[in-house]
There are 2 protein chains.
Amino acid sequence: MSTKNKILDAAELLFADKGFNGTSLREITSSAGVNLAAVNYHFGSKKELIKAVMSRYMNELAPKLELALSVIVHSDDKPNLDEVFFAFVEPLLYLNEFKVNGTSIFLQLLGRGYTDSQGFLRWFLTTQYPNVFTHFTKAVHKAYPELTTQEMFWRLHFTMGTIVFTMSSSDALMDISRNDFNNDVSIETLINKVIPYVAAGVGAPIIAE
Amino acid sequence: MSTKNKILDAAELLFADKGFNGTSLREITSSAGVNLAAVNYHFGSKKELIKAVMSRYMNELAPKLELALSVIVHSDDKPNLDEVFFAFVEPLLYLNEFKVNGTSIFLQLLGRGYTDSQGFLRWFLTTQYPNVFTHFTKAVHKAYPELTTQEMFWRLHFTMGTIVFTMSSSDALMDISRNDFNNDVSIETLINKVIPYVAAGVGAPIIAE
DNA sequence: ACCTAGTTCAAACATCTGTTTAAAATAGCT
DNA sequence: AGCTATTTTAAACAGATGTTTGAACTAGGT
C-alpha cells in the first residue's frame, strides 16, 4: 500500500470521528505509520489532504447520483418526494463496496465538513460538483412544482442539516439506541428512517407569510 | 460592567461565530478588553467558561419552555404537532429581550455545541436540564400517540439536527438569501419556516420495517 | 492610616500546531 | 554498478494554545 493511501485511510477515520480541526497531522501520520512530513510532501498541506479525502468519495458518488437523479428528471411520470430522496440510497450504499463502512464514513465526513472550517466544504462541493445540486433541485421541483425557488432553498438546507447532523453524530445515536432500546441500528436502516422524515419536511404544505 | 460579564458578552459572540474550538482565550479577552488571565481567574478554565455562557441562556429559557410545554401536556385537548413546536417560539424570541440578538446567538451556540467538542454539550444539556426533554417528549407523544418511543427518539434527533444545523449556519444562509433572492430573512421568519418542516417530518407516516 | 481580601497585570510556561529543511535512504533506469 | 529522481526521515522552526505565576494594584472595613 502506498504512503499516500495509508495517509488517506488513516485520515478519513480520524476526520470522521473528531472533525477536521480536531485531528492533528501527528495523529494521522502516527496512525498511518508514516513520517510526519509525508502529508506535506504528498498533499502539500492539511487543507489539500482534506480535499483529497473528500474527493476520493465524491468522485465515486457523484456520477452514480447524477445518473439516478437524471432518470427521475427525464422520466415522463411525476415522481413523489420519497422517490427523489430514495434515489440517494443506492449510490450511498454503494460506497460500502468501495470501502468498508464507506457509506457511514462519507456521511460523517460530510457532516464534519459542513460545521468545521467555516463553510469551506460547502464551497468545495458546490463548485466542484455543481451538477449533483442542479439535478437534485430539478427533481424536487418536478415532484413538488408549487414549491417556490426560495422555499425550496430553505427546505433543502433544512434537509442538508438533518442528514449532515444525524450522520456526524450517528455513532453516538446508534450507541444510545443500542443501550436504551436494545436495538442495533445499521447505517442502512438509519437512512431508511431519515428519508420519510426529510421527504415529509420538504413536502410540508406552504404557509402564507 | 463587571469583568466577568465583559468576558461572557465577548465570548458568546465569538463562540457563536467561530465555534468553541475555533475561538481562543486571547481573542475573547482582547475583544472584552480584559487581561488574558481573567478567564482562568473568574471561570477556572475555558470549558467552565463555555458552560457559563450556555447556562446564562438556558437558565432564562428552561423555565419558560417547561411552562409552555406543560400547558400542552396538561390540557384536555389533543394538540397537533405544529402547536407543540410553536411552543418553542415565544420562549426563544424572549431571549431577544434578555439580550440583543439573544435568540440568534443562543441558537448558534446550540449548533456549535452539538458538533464541536464531541458531544460534551449534549451531555451538559440532558443532565442539567432534563425536564425540558421529558416535557417535550410527552407533548409529542400526546400529539402523535401512534409514534413508538423508538421512532420518536430518532425523529426528535433528526429535528434537533435540523434546528441546530440551520441555526449554526444561519448567518451564511441569510447572506445567500439576501444576495440570490434579494430577500432579507430575520431569525423570526427563519423559525417560522423551519417549524412546518420539522413538524411535518416528525408527523410523517410510519413505515413498516 | 493600616491591613486584608479581592482583583488585575505582564510575563513566562509547557505543550501542541502545521510546515520546512537538509540529509539519508530507496527505487528505477541505463 | 552507477547515476538520477523520488521518497523517507529526524530535527528544527515559528507561531498559537490554555494555564500558571508572583508581583502590583484596588477596594472595603476597622
Side-chain angles (χ1 to χ4, degrees), chain A residues 1-56 109 112-121 123-124, chain B residues 1-56 108-109 112-121 123-124 168:
Chain A
M1 168 118 71
S2 70
T3 301
K4 221 167 165 169
N5 280 325
K6 278 192 218 165
I7 293 174
L8 286 172
D9 288 346
E12 67 174 27
L13 291 179
L14 288 164
F15 283 154
D17 190 34
K18 316 165 54 143
F20 299 117
N21 295 333
T23 306
S24 71
L25 293 185
R26 281 166 181 80
E27 291 179 87
I28 294 169
T29 51
S30 78
S31 155
V34 304
N35 187 274
L36 167 64
V39 169
N40 285 280
Y41 176 76
H42 285 284
F43 297 94
S45 67
K46 185 182 179 181
K47 203 161 201 166
E48 289 299 319
L49 170 62
I50 296 173
K51 283 190 199 171
V53 166
M54 293 308 295
S55 294
R56 207 162 52 145
L109 288 172
R112 294 299 181 180
Y114 256 71
T115 47
D116 279 18
S117 62
Q118 286 188 313
F120 143 71
L121 197 67
W123 164 87
F124 174 71
Chain B
M1 170 120 67
S2 70
T3 302
K4 220 166 166 171
N5 280 324
K6 279 192 216 164
I7 294 174
L8 286 171
D9 288 347
E12 66 174 26
L13 291 178
L14 289 164
F15 283 154
D17 191 36
K18 316 164 54 142
F20 298 117
N21 295 333
T23 306
S24 71
L25 292 185
R26 279 167 182 80
E27 290 178 87
I28 293 169
T29 50
S30 78
S31 156
V34 304
N35 187 273
L36 167 63
V39 169
N40 286 281
Y41 176 76
H42 284 285
F43 297 94
S45 69
K46 186 181 180 182
K47 203 160 202 167
E48 289 298 320
L49 169 62
I50 296 173
K51 284 191 199 172
V53 166
M54 294 308 296
S55 294
R56 206 162 53 144
Q108 287 181 63
L109 289 172
R112 294 300 182 179
Y114 255 72
T115 47
D116 279 19
S117 62
Q118 286 188 311
F120 143 70
L121 197 67
W123 165 86
F124 175 70
S168 68

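Note that the coordinates shown come from a computational prediction; the quantities given were computed from them, not determined experimentally. Basis for what follows: all heavy atoms, side chains included, without hydrogens, waters or symmetry-related copies. Every chain is numbered from 1, with letters handed out A, B, ... down the list of sequences.
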Of all residues at least two apart in sequence or in a different chain, which pass the side-chain hydrogen bond (donor to acceptor under 3.5 Å, both in side chains) check with B:N5?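 Per chain and number, B:N5 pairs via side-chain hydrogen bond (donor to acceptor under 3.5 Å, both in side chains) with B:S2.
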
What's the separation between atom [atom1] in [X] and atom [atom2] in [Y], rounded to the nearest 0.5 Å?
| X | Y | atom1 | atom2 | result |
| --- | --- | --- | --- | --- |
| B:L49 | B:E12 | CG | CD | 10.5 Å |
| B:L8 | B:T3 | CG | OG1 | 11.0 Å |
| B:D17 | B:L109 | CG | CG | 10.5 Å |
| A:I50 | A:R112 | CD1 | CZ | 12.5 Å |

Check whether any side-chain N or O of B:T3 sits under 4.0 Å from OP1 or OP2 of C:dT7, and answer yes or no.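 Looking at the OP1 and OP2 atoms of C:dT7, neither is under 4.0 Å from any side-chain N or O of B:T3.
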
For DNA chain D, determine which residues of residues 48-56 of chain A have any heavy atom closer than 4.0 angstrom to one of its atoms, and list them numerically.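 Heavy-atom contacts with DNA chain D come from no residue of residues 48-56 of chain A; none.
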
Sugar-phosphate atoms are those with a prime plus P, OP1 and OP2; base atoms are the rest. Using that split, label each nucleotide of nucleotides 10-21 of chain C B, S or - for protein heavy atoms under 4.0 Å, 5' to 3'. B-B----BBBBB

Determine, stepwise, if the pair B:K4 / B:F43 fulfils side chain to side chain contact (heavy atoms under 4.5 Å, CB included). CA-CA 8 Å; B:K4 220 166 166 171; B:F43 297 94; 3.5 Å; yes

Please find the earliest and latest nucleotides of DNA chain D, in the 5' to 3' direction, that have an atom within less than 4.0 Å of any heavy atom of chain A.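 Listed 5' to 3', the contact boundaries are D:dT6 to D:dA12.
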
Side-chain polar contacts of residues 28-39 of chain B - donor-acceptor pairs under 3.5 angstrom, sequence neighbours left out - could you list them?
{"unit_1": "B:T29", "atom_1": "OG1", "unit_2": "B:L25", "atom_2": "O", "d": "2.9"}
{"unit_1": "B:T29", "atom_1": "OG1", "unit_2": "B:R26", "atom_2": "O", "d": "3.3"}
{"unit_1": "B:S30", "atom_1": "OG", "unit_2": "B:R26", "atom_2": "O", "d": "3.2"}
{"unit_1": "B:S30", "atom_1": "OG", "unit_2": "B:E27", "atom_2": "O", "d": "3.4"}
{"unit_1": "B:N35", "atom_1": "OD1", "unit_2": "B:A37", "atom_2": "N", "d": "2.9"}

If you apply the rule side chain to side chain contact (heavy atoms under 4.5 Å, CB included), what do you find for B:Q108 with B:F15, and how did you get there? CA-CA 9 Å; B:Q108 287 181 63; B:F15 283 154; over 6 Å; no

Could you work out, with salt bridge (Lys or Arg N to Asp or Glu O under 4.0 Å) as the rule, every residue matching B:K51, not counting sequence neighbours?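 Salt bridge (Lys or Arg N to Asp or Glu O under 4.0 Å) list for B:K51, sorted by chain: B:E48.
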
